[in-house]
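Data first, discussion second: the structure below is written as structure tokens.
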There are 2 protein chains.
Amino acid sequence: MRKKVVTIQDVAQSAGVSVATVSRVLNNSPRVKERTRVKVQEAIRQLKYQPNLLGRDLRRDRTKRIMILLSSLDYPMLKEVYKGVEESARNYEYSTIICSTSGSKNKEEQLLQLLKNRFVDGVITFGTTLTAQELRQLNRDYPIVQCLEWMGNTGTPYVSVDNEKGARDAVTYLVKLGHRRIAMISRNEGQTALLREQGYGLALQEAGISYDANLIKYGDFSYESGVRLTKELLEENTSRPTAVFCINDTMAVGCANAARNLGYSVPEDLAIVGFDDTMEALMSAPPLTTMRQPKYELGHMAMEILMRKINGKEPETNAVLLPAQLVIRNSTVVKR
Amino acid sequence: MRKKVVTIQDVAQSAGVSVATVSRVLNNSPRVKERTRVKVQEAIRQLKYQPNLLGRDLRRDRTKRIMILLSSLDYPMLKEVYKGVEESARNYEYSTIICSTSGSKNKEEQLLQLLKNRFVDGVITFGTTLTAQELRQLNRDYPIVQCLEWMGNTGTPYVSVDNEKGARDAVTYLVKLGHRRIAMISRNEGQTALLREQGYGLALQEAGISYDANLIKYGDFSYESGVRLTKELLEENTSRPTAVFCINDTMAVGCANAARNLGYSVPEDLAIVGFDDTMEALMSAPPLTTMRQPKYELGHMAMEILMRKINGKEPETNAVLLPAQLVIRNSTVVKR
DNA sequence: TTGAAAGCGCTAACAC
DNA sequence: GTGTTAGCGCTTTCAA
């Protein structure tokens, strides 16, 4: 099945030089006579030679490749974050491969193998099932950077959005519009959700609004949970909320649709603010007010830090938090 | 930076055997005395040895890895198709890496390098910029299967949905609901769009409805184009359409939102049928009637065929077309 | 049942 | 400037 592949030996023979010279030409070494270079390049072209990466990587100390490790491909911001990573990587002549763990711890270990086996020079993780202990260990031995989802106190660098400030800004905005009964659709696991909840709490506190546990619901980031929890919020509460802050756009769309289906209009009866600013927010009816994550920048920055680590320089800072930006659309309006 | 890695040599030394024996244990060779095997395994555990894949792959004829090659990560069906591929791959103890060309021909060549360099055993493509000639050549030398987007007459196997039949069923359904002025939002490039347009034409013909070029608009699969083209359809036509068939859900959501913003209600004033059955269709207001692609099966089948090729067996069939299934939701209703 | 040794394709230290 | 050669970590003959 597989074709006999042209090797560096074949090129050397064809060009009448040694393999070392061919290797020098391939790696743009300056100490090659112009005539020789041309001769070798001619042979390369004629034989359609392409270097075997396995051989090269085995010998070299670097593969010029990094891995993006994620738990699921179902990740609305992936495309843009990836673009940031990819464009930064390209500047260093690095290429990227994407691997999904599908949430399996086993699979994740297998993929981290690729790092330990020098199959890639470094890894950017988007959420991991590693324990703090494991992550600390891994970070000591290999270049690794966390993006978006992160664990602190492990010494592992991370690049994320300022979740607390973002949530606080979102809720403060709702307060400014005149809302006092502000609900939240959150998640009861993960650092991201926790920080956003803290931001929510802070904003309420600053506005002198007392905290009401009935107004907080916990979902799983899915559309369905947004729908279900909004129904609960609107049906359970004797004094129903006039606004909802959702910790992602997916649930916020569910919230908007559920509210309308119950006969409430958005934003007049219920104002909604999401988080992320994905296409979903734009495609929603009405388009959602949301906190925009600097997706491209997050990816770009993660790659920059990873390159520093790969090159053996400790990055100046181990923790980067970029600000989220309020994007006002039609799911919010000044309260009458 | 990088940790000194434990090699097979270290294990051999520690266990007091040769590297050959360690290799045999690693590969479950039967000709190893039980005592020796235990001794080696003990050493492996103690040293936390993990085989270097680069060395192994260089020596072996296979990597037990395949690549999924796509032009963009922004692919609403990716998650489910991938699941199909991944679960099939797992059965063969294969792992998968995903690589995006970002639409760059250059990048694509670079990635196909990984195949030619035995970095992966095979490739599943989701759309490629290769010419028919190049694809034919590649398919002759390496295991490769096309999924969803494909080129015929190259000898390269493909697994896709029956686009013509799917489109025909969608439009026939609209006809049955009583519609005669049925528009289409399509795309003016790519085989997929072409086949769906043919299906549309066939359905009209079967219903004795004459073809009206004004009712066909060409977008680029994006939400924005769905919005824009729907406006055109509703504003330009003196006799406006009562139904629209969109060749993907993304544009169909744009269609629904644009129609409502112009004061038309969906489905009463304008019925809409999408294609794909992604989350977008479910999250739309109203939820969209659409043609469901058998996403998981498409991925699974592609991987099965690829494995056959990797194992040197010519697949029984080079072309698999799975049926799309009509899913009726609230963007269509019997016409009054 | 085990070990010695060749060799996968490449790079780089060293010699000329 | 160029060639010779060792060796990256592994698998797999071949011989013992």
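Quick note on labels: first sequence line is chain A, next is B, and so on, each numbered from 1.
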Reckon B:Leu58 touches a base, only the sugar-phosphate, or nothing at all at heavy-atom distances under 4.0 Å? base

From CG of A:Leu26 across to C1' of C:dT11 the rounded distance in Å is 10 Å

Are a donor atom and an acceptor atom from the side chains of A:Arg136 and A:Gln133 found within less than 3.5 Å of each other? no

Electrostatic pair A:Glu80-A:Lys83, nearest N-O below 4.0 angstrom: no

D:dG9, D:dT2, C:dT11: which one has an atom nearest the side-chain heavy atoms of A:Thr21? D:dT2

Describe the nucleic acid contact of B:Ser23 in one word from base, sugar-phosphate, nothing, applying a heavy-atom distance below 4.0 Å. base

Calculate the interatomic distance between A:Asp10 atom CG and C:dG9 atom P; express it in whole Å. 9 Å

Nucleotide of C:dT2, C:dG9, D:dC10 approaching B:Thr7 most closely (side-chain heavy atoms): D:dC10

Step by step, would you call B:Glu108 with B:Lys105 a salt bridge (charged side-chain N to carboxylate O under 4.0 Å, His left out)? CA-CA 5 Å; B:Glu108 180 166 341; B:Lys105 177 106 188 160; over 6 Å; no

Please state how far atom CD in B:Gln13 lies from atom P in C:dG3, giving the value in whole angstrom units. 13 Å

To the closest 0.5 Å, what do you measure between CZ (B:Arg90) and OG (A:Ser104)? 6.5 Å

Rounded to whole Å, CG of B:Asp57 lies from P of D:dT11 at a distance of 9 Å

Side-chain N or O of A:Asn117 less than 4.0 angstrom from OP1 or OP2 on D:dG9? no

Atom CG of A:Asn28 to atom P of C:dT11: distance rounded to whole Å? 11 Å

Looking at C:dT11, I'd like to know if its phosphate oxygens (OP1 or OP2) sit under 4.0 Å from a side-chain N or O belonging to A:Arg56. yes

Should the ring pair A:Phe126 and A:Tyr75 be called parallel, tilted or perpendicular, given that the plane angle runs from 0 to 90° and is split at 30 and 60? perpendicular

Within this structure, what is the CG-to-C1' distance between A:Asn27 and C:dC10, rounded to whole angstrom? 9 Å

Specify the residue among B:Arg31 and B:Gln50 whose closest nucleotide of DNA chain D lies further upstream toward the 5′ end. B:Gln50

Side-chain donor-acceptor pair present, B:Thr156, B:Gln146, cut-off under 3.5 Å: no

Between P on D:dT5 and CD on A:Gln9, what's the gap in Å once rounded to a whole number? 13 Å

Could you say whether A:Leu54 or B:Val32 is positioned toward the 5' end of DNA chain C, judged by the nucleotide with the nearest heavy atom to each? B:Val32

Roughly, in whole Å, what's the span from CD in B:Gln113 to P in C:dG9? 15 Å

Taking the side chain of A:Ile8 as heavy atoms from C-beta outward, which of D:dT2, C:dT2, C:dT11 is closest to it? C:dT11

Minimum heavy-atom distance between A:Val85 and A:Ile124, given as atom pair plus value: CG1-CD1, 4.0 Å

Looking only at the side chain of A:Val19 (C-beta and beyond, no hydrogens), which of the listed nucleotides D:dT5, C:dG3, C:dT2 gets closest? D:dT5

Net bend of the helix from C:dT1-D:dA16 to C:dC16-D:dG1, end axes of five pairs each, nearest 10 degrees: 40°

Out of C:dG9, C:dC14, D:dT4, minimum distance to the side chain of A:Ser18 belongs to D:dT4

Can you tell which of D:dG1, C:dA5, C:dG9 lies closest to the side chain of A:Arg59? C:dG9

Between A:Asn52 and C:dC8, is there a side-chain N or O to OP1/OP2 distance below 4.0 Å? no

Strictly by modelled atom types, are A:Glu86 and A:Thr96 linked by a side-chain donor-acceptor pair under 3.5 Å? no

Should the side chain of B:Arg24 and the base of C:dG3 be counted as holding a donor-acceptor pair, with the cut-off at 3.5 Å? yes

